[in-house]
Amino acid sequence: MYSETAQRLIVELPNRGQLEDATHSAVAENPICGDITHLYLKVEDGVVVACSFQTYGCPAAIAASAALTVLCEGKSVDDCRELTSQS
């Protein structure tokens, strides 16, 4: 069973899709289960002004990706580097 927050993120899928005007992008793959996440950021003056994701994998990976984009928006790149799974 997923938490209420995870369930909401899975249903609402905030920031889902490719960010066409991204200034930065990254790909992460879980070698154990094969989940793949593409993360897109638009950074202006050291601040994440837009963030989106595309994840191919389980609901938990999708919820985590959506949560990451929500946590990054409006933060400095340095603050984003400090995010952990406990954030």
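Residues take their numbers from the sequence shown, with the count starting at 1.
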**OP:** Check the pair L39, L68 against side-chain contact (heavy atoms from CB on, under 4.5 Å), reporting the backbone distance first and the verdict last.
**Re:** CA-CA 9 Å; L39 182 65; L68 178 62; 3.9 Å; yes
Subject >> Candidate pair V77 and V47, rule side-chain contact (heavy atoms from CB on, under 4.5 Å), full reasoning >> reply: CA-CA 6 Å; V77 172; V47 175; over 6 Å; no
Subject >> Derivation and outcome, side-chain hydrogen bond (donor to acceptor under 3.5 Å, both in side chains), residues Q54 and Y40 >> reply: CA-CA 9 Å; Q54 292 176 303; Y40 307 96; 2.7 Å; yes
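Atom OG of residue S25 and atom CG of residue L41 lie 8.5 Å apart, to the nearest 0.5 angstrom. Interatomic distance, CD of E29 versus NE2 of H38, reported as 9.0 Å (0.5 Å rounding).
Grouping the Ile, Leu, Val, Met, Phe, Trp and Tyr side chains by contacts below 4.5 angstrom, directly or via other members, places L71 apart from L9.
Between T37 and V27, the closest side-chain pair of non-hydrogen atoms is not below 4.5 Å. A 4.5 Å side-chain heavy-atom check between I36 and T55 finds every atom pair outside the cut-off. In this structure the side chain of K42 reaches within 4.5 angstrom of the side chain of L19, judged on heavy atoms. Between N15 and V70 there is a side-chain heavy-atom pair separated by less than 4.5 Å.
Between D35 and A61 the shortest heavy-atom distance is OD2-CB, 3.3 Å. P14 approaches F53 most closely through the heavy-atom pair O-CE2, 3.2 Å. Here the closest non-hydrogen pair linking C72 and L83 is SG-CD1, 3.8 Å. The two residues C33 and N30 have their closest heavy-atom pair at N-OD1, 3.4 Å. Heavy atoms only, all atoms of each residue included: Y2 and P59 are closest at OH-CB, 3.7 Å.
Looking at E73, its side chain never comes within 3.5 Å of a backbone N or O of A50 through a donor-acceptor pair. Side-chain atoms of T69 do not come within 3.5 Å of backbone N or O of S52 as any donor-acceptor pair.
Atom CZ of R8 has more than 12 neighbouring heavy atoms from other residues, nucleotides or ligands inside a 6.0 Å radius. Around atom CG of D45, no more than 12 heavy atoms belonging to other residues, nucleotides or ligands sit under 6.0 Å away.
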